[in-house]
Amino acid sequence: TDLATGKTFTAGAAGILHEYIDLVAAFGSQPGSISLTFDHGSVRLSELYVFSEGQLPDFVQVWDAPLDGKADIVLFAAHGDDDHLFFAGLLPHYASLPDCAVQVVYLTDHRNITMTRVHEMLNGLWAVGVTAYPVFGEFDDFRIDDLQQTYSAYKNLGHPKEQLQGFVVEQIRRFKPQVAIGHDLKGEYGHGMHMVYADLLINALDITGDPAQYPESAEKYGTWDIPKTYLHLYEENPIELNYDTPLDSFDGMTALEVTQKLGYPCHESQQYTWFTQWLNWVNMAVGGTPVTSATQIAKYNPCKFGLYRSTVGTDVQKNDFLENIVTYAEQERIEQERLEQERLEAERLEAEKAEQERLEAERLEQERLEQERLEAERLAAEQARQKLIKDITTAVIVLTGVLGNIIGPVMCKLLRLKDPIAQGVAFGTSAHVIGTTRAAQMSELAGAVSSFSLTFAGLITSILMSVFAQYI
């Protein structure tokens, strides 16, 4: 609680030891003073550090969440120091790869013996570059050098084989490893817990893909079939790792040196054991030849493994757990590239569509303009034709009248047409107004008849033309 503002923040919900809390992120600003309260009546604090703003010291552990659904490698190590002994070099080698996600699952947290070893385990993992918080199995730590007797001992402690098996099945379904790595089936130096953990791992391979078995974890995490499973010292399909190559992320130290000098020394409670001599001195002869290469460790060599099962083919190079494996980071990158290609293709198709629409719009516009041009030309031609008809009609009318006015009297004389009515009809129907004027000059009756004939002929012509025009 921020004592100045009263704001509260709940930590520890994830169950992480060595938890780092950014107070500014938690409270929105740097608190001047805080108080700690605990849900339980009493707690055991090993260490508590408070830092001012600035660069954190190197020893501060800022753990990532466990790699649910995206662990490339899951190491199933029985004890807290096994990951630095019989798997020496493995963690710094693969944790230093930029696209390799490494998860560790311990069978025991040693709490039935001591509370300190979980801290050593965390310190050891952090020292060799593992940043995903491990899983601590809550099964007791003890030693019986026999597989079945170890199972029996666990059963007597309230952990029947079915429960142990369910734990391993759940971890596989939870983390969905590309590669699972386990102990020697013979327990390296014969340790029963090593045998049990290796046995549980290989048994799980026929279970994790079946939702009917251990249905609770199947419902929670889904099923999974591990692409590759390796066992330490397994003689079939052997591979040998190289832990003697300098690592840039550890200032040129080899993976073995990282384990020897940084990882295993974190297990302070185990330095008195023969493991210390085994890891650092050839043939465990203290003061003799120091182990400077992983190949110098003859017994229980941490470089030697066997491919117990694979769904992605056999190893050819035989020197890499990740052979034939596409890591989750690479899969994500490939998926992002695929999505980007799809986006670019969609943009290309959209651009093509837009271009086609533009071209179609231009074509339609050209057609419209062409139609308008043709229509304008047609109208202009029609107007010209109508004007020509009018002009011709006018000229014909004038010509007819003039000719009728000139020729009419002559024709009347030639045809001896003396009747004023006949003359009026002739002039009115053939020479219209001008002829009517001439007829009126010839006689009043001829003018009157010509006027009537002109009107009657015009009326009859209009009626007949309206009827026959629809057939023209």
Side-chain angles (χ1 to χ4, degrees), residues 15 17 66-67 71 73-88 90-91 102-122 124-125 130 132-175 177 179-205 207-208 214 217 226 229-234 264 267 269-270 273 275 300 302 305 308:
L17 295 172
L67 299 168
I73 293 177
V74 172
L75 173 61
F76 290 90
H79 301 94
D81 52 357
D82 290 334
D83 45 349
H84 302 289
L85 294 170
F86 309 107
F87 305 105
L90 188 157
L91 293 180
V102 179
Q103 178 71 48
V104 178
V105 178
Y106 295 107
L107 180 62
T108 181
D109 57 10
H110 304 278
R111 291 179 186 269
N112 65 308
I113 298 175
T114 176
M115 303 295 289
T116 62
R117 290 201 65 182
V118 287
H119 301 288
E120 296 177 350
M121 294 155 82
L122 288 172
L125 290 178
V130 176
Y133 196 78
V135 173
F136 296 105
E138 298 180 352
F139 304 104
D140 292 357
D141 176 23
F142 58 87
R143 179 175 177 182
I144 299 176
D145 293 348
D146 181 83
L147 175 65
Q148 296 305 324
Q149 290 181 26
T150 302
Y151 273 128
S152 296
Y154 270 125
K155 182 178 181 180
N156 293 334
L157 290 168
H159 305 302
K161 183 176 180 180
E162 183 180 20
Q163 181 186 5
L164 294 165
Q165 190 67 71
F167 170 76
V168 176
V169 168
E170 181 174 356
Q171 304 315 310
I172 292 173
R173 287 171 170 171
R174 175 185 179 183
F175 295 112
V179 178
I181 302 170
H183 280 282
D184 172 22
L185 288 170
K186 298 177 182 178
E188 279 81 27
Y189 57 96
H191 199 303
M193 286 181 63
H194 294 195
M195 298 182 197
V196 163
Y197 215 15
D199 187 60
L200 292 171
L201 176 58
I202 63 174
N203 291 339
L205 300 179
I207 298 174
T208 55
Y214 299 95
S217 65
I226 304 174
T229 302
Y230 289 92
L231 297 179
H232 185 218
L233 302 178
Y234 188 64
Y264 180 68
H267 293 266
S269 66
Q270 304 303 300
T273 65
F275 303 131
Y300 320 129
F305 291 82
Y308 181 83

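Here, residue 1 is the first one in the sequence, and each next residue gets the next number. None of the values given here were measured: they were computed from a predicted structure.
A distance of 11.5 Å separates CG in Asn112 from CD in Glu138, rounded to the nearest 0.5 Å. In this structure, CD1 on Ile113 lies 12.5 Å from CE on Met115, to the nearest 0.5 angstrom. Taking CG from Leu164 and CE from Met193, the interatomic distance works out to 9.5 Å, rounded to the nearest 0.5 Å. The CD1 atom of Ile207 sits 4.0 Å away from atom CD of Gln165, with the distance rounded to the nearest 0.5 Å. Atom NE2 of His267 and atom OG1 of Thr116 lie 11.0 Å apart (nearest 0.5 Å). Note: Lys155 NZ to Gln163 CD = 12.5 Å, rounded to the nearest 0.5 Å.
For Tyr214, there are no ring pair (Phe, Tyr, Trp, His ring centres under 6.0 Å) partners two or more places apart in sequence or in a different chain. Residues satisfying the salt bridge (Lys or Arg N to Asp or Glu O under 4.0 Å) criterion with Asp83, sequence neighbours excluded, are absent altogether.
Heavy atoms of other residues, nucleotides or ligands lying less than 6.0 angstrom from NZ of Lys161 number more than 12.
Of all heavy-atom pairs between Val179 and Tyr230, the closest is CG1-CD1, 3.7 Å. Residues Tyr197 and Val105 come closest through the heavy atom pair OH-O, 3.1 Å. For Gln270 against Asp81, the heavy-atom pair with the smallest separation is CG-OD2, 3.5 Å.
Taking the side chain as every heavy atom from C-beta outward, Ser269 and Thr114 never approach each other to under 4.5 Å. Contact of the Ile226 side chain with the Val74 side chain is not registered, since no non-hydrogen atoms from C-beta on lie closer than 4.5 Å. Residues Leu200 and Tyr151 meet the side-chain proximity criterion, which asks for heavy atoms closer than 4.5 Å. Looking at heavy atoms from C-beta onward, Phe275 lies in side-chain contact with Tyr189 at the 4.5 angstrom threshold. Taking the side chain as every heavy atom from C-beta outward, Arg117 and Arg111 never approach each other to under 4.5 Å. Within the 4.5 Å cutoff, no side-chain heavy atoms of Phe167 are placed close to those of His159. Contact of the Leu125 side chain with the Leu91 side chain is registered, since non-hydrogen atoms from C-beta on lie closer than 4.5 Å. Annotation: side chain of Thr150 is not in contact with side chain of Met195 (no heavy-atom distance under 4.5 Å).
At least one donor-acceptor pair under 3.5 Å links the side chain of Asn203 to the backbone N or O of Asp199. Checked by atom type and distance alone, the side chain of Gln103 never pairs as donor or acceptor with a backbone atom of Ala71 at under 3.5 Å. Under a 3.5 Å cut-off, the side chain of Glu188 and the backbone N or O of Asp184 do form a donor-acceptor pair. Distance alone, capped at 3.5 Å, places no donor-acceptor pair between the Thr208 side chain and the Arg173 backbone.
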* Asked: Does the pair Tyr308 and Leu201 meet the rule for a side chain to side chain contact (heavy atoms under 4.5 Å, CB included), with working shown?
  -> CA-CA 11 Å; Tyr308 181 83; Leu201 176 58; over 6 Å; no
* To do: Assess whether side chain to side chain contact (heavy atoms under 4.5 Å, CB included) is satisfied between Glu120 and His110, documenting all intermediate values.
  => CA-CA 11 Å; Glu120 296 177 350; His110 304 278; over 6 Å; no
Worksheet entry | Steps toward side chain to side chain contact (heavy atoms under 4.5 Å, CB included) verdict (Tyr300, Leu85) | CA-CA 9 Å; Tyr300 320 129; Leu85 294 170; over 6 Å; no
The test is side chain to side chain contact (heavy atoms under 4.5 Å, CB included); show your working for Val102 and Leu75 and say whether it passes. CA-CA 8 Å; Val102 179; Leu75 173 61; 5.6 Å; no
Check the pair His183, His191 against ring pair (Phe, Tyr, Trp, His ring centres under 6.0 Å), reporting the backbone distance first and the verdict last.
CA-CA 10 Å; His183 280 282; His191 199 303; 8.6 Å; no
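A perpendicular orientation is assigned to the rings of Tyr133 and Phe136, their planes being inclined by more than 60° (bins at 30° and 60°). Ring orientation note: the planes of Phe139 and Tyr154 are nearly perpendicular, at an angle over 60° on the 30°/60° scale. Using cut-offs of 30° and 60° for the angle between ring planes, the Phe305 and His232 rings count as tilted.
Here the options are Val104, Asp82, Ile172, Ile181, the test is side-chain contact (heavy atoms from CB on, under 4.5 Å), and the partner is Phe76; only Ile172 passes.
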